[in-house]
Every structure is written in C-alpha cells, then in structure tokens.
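Every heavy atom of this structure was used, including side-chain atoms; hydrogens, water molecules and symmetry mates were not. Within every chain, numbering begins at 1; the chains are lettered A, B, ... in the order of the sequence lines, protein sequences first and strands thereafter.
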Amino acid sequence: MSTIQRLTGMQDVLPDDQRYWQLIVATAVSLAEQYGFQRMDVPILEATNLFVRGVGTGSDFFVQKEMYTLDEGEDSSITLRPEFTAGLVRAYIENGLSSWSPPVKLYTIGPIFRRERPQAGRLRQHSQFDVEILGETDPAADVEVMLLAMNLYRQLGYKELTFQLNSTGCPQCKPLYVTALTDFLAAHLDKLAPVDKERLQKNPLRVLDSKERGMDTLLASAPHILDYLCADCADHFAELRGLLDSLGESYTINFRLVRGIDYYTKTVFEVWDKAIGAQAALCGGGRYDGLAEAIGGPSTPGVGVGIGIERIVLGLKAQEQPAPAAPPPLALIAHFGSATKTAAVQLLFRLRATGLPAQLAFARGRRSLKSQMREADKRGVQYVVIVGESELANGLVAVRPLDGREQALVALDEIVTWLQTGY
RNA sequence: GCGGGUAUAGUGUAGUGGUCAACAUGUCUGGUUGUGGCCCAGAAGAUCGUGGGUUCAAAUCCCACUACUCGCCCCA
C-alpha cells in the first residue's frame, strides 16, 4: 500500500521552522498593534462572486484558473481565498465597520490558496500577514502601510531590499494611459512577441510586465503612466513621495510595476529581496479606492499590503540567520519505572502547577538511569530530578544539576523552591 | 499550460551490470549493581519511487507512470 503524501505545493511546517514563524508573527503582530491596527479574521472560504466582483475576472486568478473553486449546485460556488483584501472589505461592509469612525485599521494572518505550479518560494498554500486601512484617502495612510512592511523586514534583520513604487491611476486617468500605451505598442507591433500581442488585446498594461527579449529597450521609450495621471492622482502620488522622502525612505519609481489584481487604484508597490531566488517579491500592495463599491458596499477608499510569511522564512535562511532557540525545559524527572512512577507523575504536575517547565522521562518497566540522563542532556535541561525508591521512603528526591555542580538531596516539600532558586 | 533536474534506511549521501546495498548522522542498548555530555562496543532500520522491458545477472541500461524539485508565466 502506498503511503499518502502531501499535496503538490503544500508544505508541512516542522518544529524547527516554527521558531522562525513565531518570531515573524510575533514581530508582525506587535508592530501592527503599535501602529494601531486591530486584528480581524475572516473565513478561508468565500462566495466565488466576491472574487469575481472584487479581484476581477481580468486577474490571473481567473485568467490562469488559479483559484480553488468548488461548485455546490447551481447557485452556490465557493472559493478558497486567493488573497485577503476582498474578504476583509466584505467583512468590513457586512459587519457595519463602515459606521465606525474612519480610518479603520485592520490586520490578519492566515493561509491563502492559489493553484500555481510550485517552485522555490511559491506554494499553492501560503500564509500572509495582511494589513488594511479602510476609509482613508490620505497618502499618509499609504505610508503607514508601506513602513509597517519595511519596518517589519528591518526588525527581522533585513538590510538590502528594493522598494518598488508606482501609481496605476484611477478610472478617470487610467483609460487615457491605456489608450496611449496601446497606440504606442500598436505602432511597434512587429517588435512584440506573440505573448505580448495577446496581452495587448486582453490587458495592455500587462505588456509592461513582459520579460520577452528586446522589450526592455522598447518599453524604455513607451509612455509613462505618471505623465497621464489626473490632477487628483498626481497630487496624491506627489504627496506620497514627499512623505517618503521626508522620512528618508528610499524607493525606486518603477513605471512598469503592474499588479495582477484589477482593483488597484493610485498607489501600487512591491518589496523585492533578490536573495530568495526567482520569486523575489516579499510583499505587494496598494490602494483600492473602488473595491468596496465593486462588491456592493458603500464607496470606501482603502490601502493595504499582503506580506508573505514563507518568503520571509526563506530570506532569513538565505541570510543564514539562525532561528531563535526554544527555551529548554528546566527539569527532567527521572524515575525507575512502576515502583516510583506515581510519585514521579505527581511531582511532574506539582512542578507544572507552579509554572515550572518540567518534563517526565517516560519509562515503562525499569529504564536505566543512564538512558534517562542521556535524554536529559539531549533535551538541554538544567536539572534532573531523580525519584528513587530509597530516597522516596524518606521523603526526598535527588536533584542533579547538569552544569557540573554537585548533586543534592532535597525534601519533596522543598523541591519547588530549590528548582526556582537553584539551591 | 510549457521546459530542465532528481527519486537508495528517519535525515544527508556513496555506489554507472555480478557475493547478504555502503558511509555519516540520528535512534535504541550496553561499557559492573541507580547518574549525562566525549569516547568505545553492539543493535534496529532500505522489497534501492511504481510498473514493465533488456540480460545468466539490474540500485546501476531502456520505456512508461507518479512524485518531488528548479525555471518560464505570474506573484507572496
């Protein structure tokens, strides 16, 4: 019989890696709370229509059929969330958070599902730390979200990251740019690869993303979106840049930065780490002032970022940053099988009740003390509490420190304070 | 969806036609009667991914499948 194994693109996070995860999540949560964000969790499953209307059928999630969608009869199609923002905005509307005094600052952490071909840094299930500010158009809100991401990376020890910034305009000005870009590309149709010709038809902005040969030189002379922004978008972008400059934050204006989700307006950005392989994007985000309306709610501006946790783990490993070690248990209780087991187990829970991290050396039958001592060494404990028959008869246990100090006989009544103080 | 690579004990590897498949590490047990780390000794653990083919003989050659992995596309 063949053994059942992990599904393609799925990952088990083993105890060693959990150390990284705990560090990342703890850092992210404390930063978010410090910045005034509140946690809100939303379901992993949502109505498919949420993503149809929110993320848009022009997105790769739909075009490349990347979503895990389950059809449950005629009226019911449900989808494993491929991103966080749509669900959070849905919950914001549904629970009436739009009546809260804006801005509403939310964060969440959880799994995201996309049916792609897995490779280094790309999984079909990955986790994101996601941050959103709803109800606010101020570019300072954009800055908050960006710096939360950047400062998270900094606190985790990252030094060299590239911060890519662009504006994608709004429904007023974006179409003008799309027309200009289309005209430009149409004039150079002979230089376009088949893939890009197809993109030109479906979603001209996508051509900017092209990695086809020769496109770099051609696109260098293509029209820039920043020249086509309407007054509002241009002001917003200028103010955003001014704020970033005033904070001494460096960033690269990348007019070819296009995001795969339809809802973005104005600000778009990504942070890249070249050390983790081909999948360099550590996080991506932007402004989505039309999303709430698109999914049937009141017009609500918003800005947010999705931060990939697995890629941070990859980055920390690439930088050879060791994961913080788990604190070892203070004491291991050794005993000699059934004769002393009851006393050993009672002692175990008495120690735990006082908050001491104690472990029991399991022993069916009479397990040698040597092997229990070896176990203690492997677990890295400071003390071995030896529950022996003769001592027990006198209400005593032996406590052996593993750092070379001498072994002591301690009364059962005093063992807690002994372990707490070390004598 | 399209390409490349890989598949041998828990883990990491060696082994390119020929006795009971090797090494490291990990695990377990011992090294005098109830005391760790180092060291020493021993043990357990692999139908060599699956199925087929070639051959007297296959982990080794061929084919298919599957899985994993890396890359393209795109993204976190």
For B/U35, the Watson-Crick or wobble counterpart (both distances under 3.5 Å): none

Reckon A/Leu14 touches a base, only the sugar-phosphate, or nothing at all at heavy-atom distances under 4.0 Å? nothing

With rounding to whole Å, what would you report as the distance between B/A64 and B/A21 at their C1' atoms? 26 Å

Spacing of the P atoms in B/A43 and B/A22 (rounded, Å): 13 Å

Salt-bridge contact A/Lys105-A/Glu144 (side-chain N to carboxylate O under 4.0 Å): yes

Please give the nucleotide sitting opposite B/G51 as a Watson-Crick or G-U wobble pair, both distances under 3.5 Å, or none. B/C63

More 5' along RNA chain B: A/Arg114 or A/Val381, using each one's nearest nucleotide? A/Val381

Using a cut-off of 4.0 Å on non-hydrogen atoms, how would the nucleic acid contact of A/Val258 be classed: base, sugar-phosphate, or nothing? sugar-phosphate

Taking the nucleotide of RNA chain B with the closest heavy atom to each, which residue, A/Gly306 or A/Met10, is nearer the 5' end? A/Met10

Side-chain donor or acceptor of A/Gln407 under 3.5 Å from a matching atom on the base of B/U35? yes

Does B/G71 pair with anything, Watson-Crick or G-U wobble, both distances under 3.5 Å, and if so, with which nucleotide? B/C2

Figure out the CD/P separation between A/Glu389 and B/G34, and round it to whole Å. 10 Å

Do A/Ile109 and A/Val25 have side-chain heavy atoms sitting under 4.5 Å apart? yes

Does B/C68 have OP1 or OP2 under 4.0 Å away from a side-chain N or O of A/Thr8? yes

Just the rounded figure in Å: distance from C1' of B/C73 to CZ of A/Arg256. 15 Å

Write down the distance between CD1 (A/Ile386) and P (B/G36), rounded to a whole number of angstrom. 10 Å

Under 4.0 Å from OP1 or OP2 of B/C73: is there any side-chain N or O of A/Lys65 that close? no

Under a 3.5 Å threshold, yes or no: a donor from one side chain and an acceptor from the other, between A/Tyr35 and A/Asn151? yes

Given the side-chain rings of A/Tyr383 and A/Trp418, with only the six-membered ring counted for Trp, is the space between their centroids under 6.0 Å? yes

Looking only at atom C1', what distance separates B/A67 and B/U8, rounded to whole Å? 16 Å

Write down the distance between CG (A/Asp209) and C1' (B/C75), rounded to a whole number of angstrom. 9 Å

I'd like the C1' distance from B/A46 over to B/A59, given in whole Å. 11 Å

Take the protein atom CD of A/Gln5 and the nucleotide atom C1' of B/U66, then report the distance between them rounded to whole Å. 9 Å

Quick one: is B/C72 close enough that its OP1 or OP2 comes under 4.0 Å of any side-chain N or O from A/Gln119? yes

Roughly, in whole Å, what's the span from CD1 in A/Ile333 to C1' in B/U35? 16 Å

B/U50 to B/G31 separation - P atoms, rounded to the nearest Å: 41 Å

Expressed as a whole number of angstroms, how long is the span from A/Trp272:CH2 to B/C74:P? 12 Å

Which part of the nucleic acid, if any, lies within contact of A/Ala376, taking any heavy atom under 4.0 Å across all strands shown: a base, the sugar-phosphate backbone alone, or nothing? nothing

A/Lys378 vs B/G26: side-chain N/O to OP1/OP2 distance below 4.0 Å: no

Is there a side-chain contact between A/Leu332 and A/Val385, using heavy atoms and a 4.5 Å cut-off? no

Side-chain N,O (A/Ser368) to OP1/OP2 (B/U35) below 4.0 Å: no

When you measure only distances, ignoring hydrogens and angles, does the side chain of A/Ser371 come within 3.5 Å of the base of B/G30 through a donor and an acceptor? no

Interatomic distance where CZ belongs to A/Phe269 and P belongs to B/C75 [whole Å]: 15 Å

Under a 3.5 Å cut-off for both distances, is B/A22 Watson-Crick or wobble paired, and to whom? B/U13

Heavy-atom side-chain proximity of A/Glu310 to A/Arg122 below 4.5 angstrom: no

Just to confirm, is there a sub-4.0 Å distance from OP1 or OP2 of B/U35 to any side-chain nitrogen or oxygen of A/Arg405? no

For the pair A/Asp245 and A/Tyr251, evaluate side chain to side chain donor-acceptor pair (under 3.5 Å) and give the outcome as yes or no after the intermediate values. CA-CA 9 Å; A/Asp245 291 339; A/Tyr251 52 89; 3.0 Å; yes

When you measure from the side-chain N and O atoms of A/Arg122 to the phosphate of B/C70, is any distance below 4.0 Å, counting only OP1 and OP2? no

Will you find, in the side chains of A/Thr108 and A/Asp130, an N or O donor that is under 3.5 Å from an N or O acceptor? no

According to the Watson-Crick and G-U wobble definitions, with both distances under 3.5 Å, which nucleotide is paired to B/G42? B/C28

Tell me what A/Leu123 touches on the nucleic acid: a base, only sugar-phosphate, or nothing, going by heavy atoms under 4.0 Å. base

Examine the base of B/G34 for any acceptor or donor lying under 3.5 Å from a partner atom in the side chain of A/Glu391, and report the outcome as yes or no. yes

So, does A/Arg117 get its side chain near the phosphate of B/G3, meaning an N or O under 4.0 Å from OP1 or OP2? no

Considering only side-chain heavy atoms of A/Glu116, which listed nucleotide, B/A67, B/G34, B/C74, is closest? B/C74

If only side-chain N and O atoms of A/Lys370 are considered, is one of them under 4.0 Å from the OP1 or OP2 phosphate oxygen of B/U35? no

How would you label the contact of A/Arg115 with the nucleic acid (heavy atoms, under 4.0 Å): base, sugar-phosphate, or nothing? nothing

Check each of A/Lys378, A/Arg379, A/Gln372 against A/Glu375 using the side chain to side chain donor-acceptor pair (under 3.5 Å) test, and report the only one that passes. A/Arg379

Distance check, C1' atoms only: B/C73 and B/C2, in whole angstrom units. 9 Å

Let me have a per-nucleotide readout for nucleotides 37-45 of chain B, 5' to 3', with B, S or -, counting only protein heavy atoms under 4.0 Å. B-B------

Parallel under 30°, tilted from 30 to 60°, perpendicular over 60°: which one fits the rings of A/Tyr288 and A/Tyr263? perpendicular

With rounding to whole Å, what would you report as the distance between B/G71 and B/G15 at their C1' atoms? 30 Å

Is there a donor-acceptor contact under 3.5 Å linking the side chains of A/Glu132 and A/Thr85? yes

Between B/U27 and B/U66 - P atom distance, rounded Å: 38 Å

